[in-house]
Amino acid sequence: MTKVGSGTQVAEALTGMGETLTDRTDSGALKTDKAVLLPLADLDRDWQRIGARDPNPLADAVLRAKRAKKWGEDYAQGFMAKLDTAGRIHPVISPLAARTGRMSATDGLHQLPSSDYVVRRSILAEPEHVMVSSDLQAIEMRVLAALADVKRMKEGFLRGGEKFDIHAYTARLIKGDAATPRDRKVFKGAGFGKVYGGGIQTIARQTGATEAEIAHAVAAYDRAFPEIKRASTRWQRQAFQNDMVFVSAVGRRLPLDRDRIYAVVNYACQSAARDVLGQAMIEMESSGLLEYMRLPIHDEILASAPKGDAADVAREFERCMTMSLYGVPIVAEAEIGGRSWGSLYGASE
DNA sequence: TCAATGGGCGCG
DNA sequence: AAAGCGCGCCCATTGA
């Protein structure tokens with residue numbers, strides 16, 4: 001019996017059909033993940049036909065079977081098994097679980113599909129209550145600007161106000177009035193690459209631009225924000241001189257891998273972003289919002305409140321999440337949904 | 001039968 | 001010069 005969950009068997013079957021697999025896992029096995037299967041099935045990232053080749057029916061079937069199983073059994077039935085007698089789920093929040101200091105949550109509550117509301121729709125507020133979510137806006141870019149003291153980025157955030165779009169600002173800064181939405185996408189990728197330490201190849205793959213274009217954009221990015229590289233070098237040196245341990249602004253000790261020292265930028269950003277959310281949560285507690293809080297999700301607080309109070313509660317959450325970090329404004333935006341979590345993202349209930 | 005590991009996939 | 005970061009949970013496989 002061939003199983004879709006067995007990469008070995010899927011790889012064997014695909015090569016037997018004449019497909020050529022090249023990507024390898026860390027241990028040397030042939031990869032059969034989504035990035036490999038989607039092109040074989042002639043599908044793009046959104047599962048739309050590309051029209052570049054005849055779809056391989058096995059690749060297509062494996063993709064659909066995996067998704068159906070994950071959503072149906074792992075999420076839906078998995079949740080049912082975790083409910084208490086009142087139908088509630090009780091995740092455990094570990095406030096400092098990650099190596100970066102990030103929080104984590106059990107029961108997969110941080111990992112529910114967000115692009116499609118079908119799973120999140122199953123999580124409900126009390127009767128007559130609605131879901132509220134409040135997000136920190138572009139928190140990692142703001143934190144990077146604050147920690148690395150990036151002059152022109154800070155200027156943007158300071159002048160930009162609440163709806164400020166850092167990536168559009170960067171595109172305009174570098175390309176002037178000629179900046180296009182495509183430029184914004186490319187520089188967004190470049191900024192992402194800075195925060196995560198991504199290479200040219202990775203950014204190109206994610207943005208769909210050519211490597212040459214990305215290389216050019218990253219170089220321009222470095223000229224516009226030279227402080228980022230300087231901070232990265234400084235943090236790496238600091239870690240080297242301290243037994244490969246980076247000490248964050250609040251004194252948290254973050255061990256780094258020798259062969260991935262560049263990750264210190266990401267560690268610094270994730271850690272500081274976590275502290276911003278933590279500070280906000282302290283403010284929420286002293287502002288009487290504890291009874292509405294449901295789940296922290298890295299840059300967001302999920303809450304629920306009686307319908308009639310939702311607007312006030314949402315405003316209060318925004319206020320608690322608004323602060324200044326080394327002169328960089330930290331801004332939040334709350335959204336009021338319906339009774340289900342899924343309704344927060346445009347779904348009808 | 002059980003624990004550990006690798007591969008995979010969802011999120012921010 | 002080059003480098004995606006961090007989780008939790010699932011299944012299949014492997015080795016006691």
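Sequence lines set the chain letters: A, B, ... in the order given, protein chains first and strands last, and positions in each chain run from 1. Since this is a predicted model, take the numbers as computed values, not measurements.
- Using a 4.0 Å heavy-atom criterion, one finds that A/Asp107 contacts the sugar-phosphate atoms exclusively.
- Nearest approach of A/His298 to A/Met103, heavy atoms of both residues: CE1-O, 3.4 Å.
- A/Arg64 has its CZ atom 15 Å from the P atom of B/dC9, to the nearest Å.
- Residue A/Ser114 has its side chain nearest to B/dC11 when only C/dC7, B/dC11, B/dG7 are considered.
- In this structure, A/Asp165 and A/Arg184 have side chains that are in contact, with non-hydrogen atoms separated by less than 4.5 Å.
- The side chain of A/Arg99 has C/dC7 as its nearest neighbour among B/dG8, C/dC7, B/dC11.
- Residue A/Gln201 is classed as having no contact, given no heavy-atom separation below 4.0 Å to the nucleic acid.
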Requested in this report: Test side-chain hydrogen bond (donor to acceptor under 3.5 Å, both in side chains) on A/Ser287 and A/Arg319 and set out the steps.
Outcome: CA-CA 10 Å; A/Ser287 301; A/Arg319 182 184 62 74; 3.0 Å; yes
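- In the model, A/Ser232 has a side-chain atom that pairs as donor or acceptor with a side-chain atom of A/Gln236 under 3.5 Å.
- The side chain of A/Ser27 lies closest to B/dG7 when the candidates are C/dC5, C/dG8, B/dG7.
- Scanning both residues, A/Leu295 and A/Pro91, for their nearest heavy atoms gives CD1-CG, 4.3 Å.
- Residue A/Ala273 is out of contact with every strand shown, counting any heavy-atom pair closer than 4.0 Å.
- Heavy-atom distances to DNA chain C give each of A/Ile261 and A/Thr8 a nearest nucleotide, and the one nearer the 5′ end belongs to A/Ile261.
- Side-chain nitrogen and oxygen atoms of A/Tyr262 include at least one within less than 4.0 Å of the OP1 or OP2 phosphate oxygen of C/dC5.
- Using a 4.0 Å cut-off, no side-chain N or O of A/Ser6 falls inside it from OP1 or OP2 of C/dA12.
- For the pair A/Leu43 and A/Gln48, the minimum side-chain heavy-atom distance is 4.5 Å or more.
- Nucleic acid contact for A/Gly197: base, since at least one base atom lies under 4.0 Å from a heavy atom of the residue.
- At least one side-chain heavy atom of A/Met153 sits less than 4.5 Å from a side-chain heavy atom of A/Ile166.
- Across all strands, A/Arg24 comes closer than 4.0 Å to no nucleic acid atom at all (heavy-atom distances).
- Candidate nucleotides C/dG6, B/dG8, C/dT13 were compared by shortest atom distance to the side chain of A/Arg260, and C/dG6 ranks first.
- Outside the 6.0 Å centre-distance limit, the rings of A/Phe79 and A/Tyr75 are not counted as a close aromatic pair.
- A/Lys66 has a side-chain polar atom (N or O) that falls below the 4.0 Å cut-off from OP1 or OP2 of B/dC9.
- OP1 and OP2 of B/dG6 both lie 4.0 Å or more from every side-chain N or O belonging to A/Thr25.
- Aromatic ring pairs are classed by plane angle as parallel below 30°, tilted from 30° to 60° and perpendicular above 60°; the pair A/Phe157 and A/Phe164 is perpendicular.
- Atom-to-atom, NE2 of A/His298 to P of C/dC5 comes out at 16 Å; the value is rounded to the nearest Å.
- A heavy atom closer than 4.0 Å to some atom of DNA chain C occurs in no member of residues 219-248 of chain A.
- Figure legend: A/Arg294 and A/Trp341 shown without cation-pi pairing, the cationic atom not lying both under 6.0 angstrom from the six-membered ring centre and within 45 degrees of its axis.
- Pairing each heavy atom of A/Gly101 with each of A/Leu96, the nearest pair is O-CD2, 3.6 Å.
- Here the P atom of nucleotide B/dG6 and the CG atom of A/Leu30 are 17 Å apart, to the nearest Å.
- We find that NZ of A/Lys194 is positioned 11 Å from C1' of C/dA2, with the value rounded to whole Å.
- Closest approach to the A/Lys34 side chain among C/dC5, B/dC9, B/dG12 is made by B/dC9 (side chain taken as heavy atoms from C-beta onward).
- Considering only heavy atoms from C-beta on, A/Pro296 comes within 4.5 Å of A/Met281 through its side chain.
- Atoms CG (A/Asp74) and P (B/dC11) sit 14 Å apart, rounded to a whole Å.
- For A/Gln9 and C/dT13, the shortest distance from a side-chain N or O to OP1 or OP2 is below 4.0 Å.
- The distance between atom CG of A/Leu112 and atom P of C/dC9, rounded to the nearest whole Å, is 11 Å.
- A sub-4.0 Å separation between OP1 or OP2 of C/dG8 and a side-chain N or O of A/Thr106 is absent.
- Close to C/dG8, at under 4.0 Å from its OP1 or OP2, lies no side-chain N or O of A/Arg102.
- In this structure, A/Lys70 places its NZ atom 13 Å from P of B/dG8, rounding to the nearest Å.
- Which of C/dG4, B/dG7, B/dC9 sits closest to the side chain of A/Phe192 comes down to C/dG4.
- Within the structure, every side-chain polar atom (N or O) of A/Lys69 is placed at least 4.0 Å from both OP1 and OP2 of C/dC10.
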Query raised in the report: Where does DNA chain C pair, written as one dot-bracket string 5' to 3', with Watson-Crick or G-U pairs under 3.5 Å, ( ) inside the strand, [ ] for crossing pairs and | for another strand?
Result: ....||||||||||||
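- Rounded to whole Å, atom C1' of C/dA3 lies 12 Å from atom CG of A/Asn266.
- Between the side chain of A/Gln111 and the base of C/dC7, a donor-acceptor pair under 3.5 Å is found.
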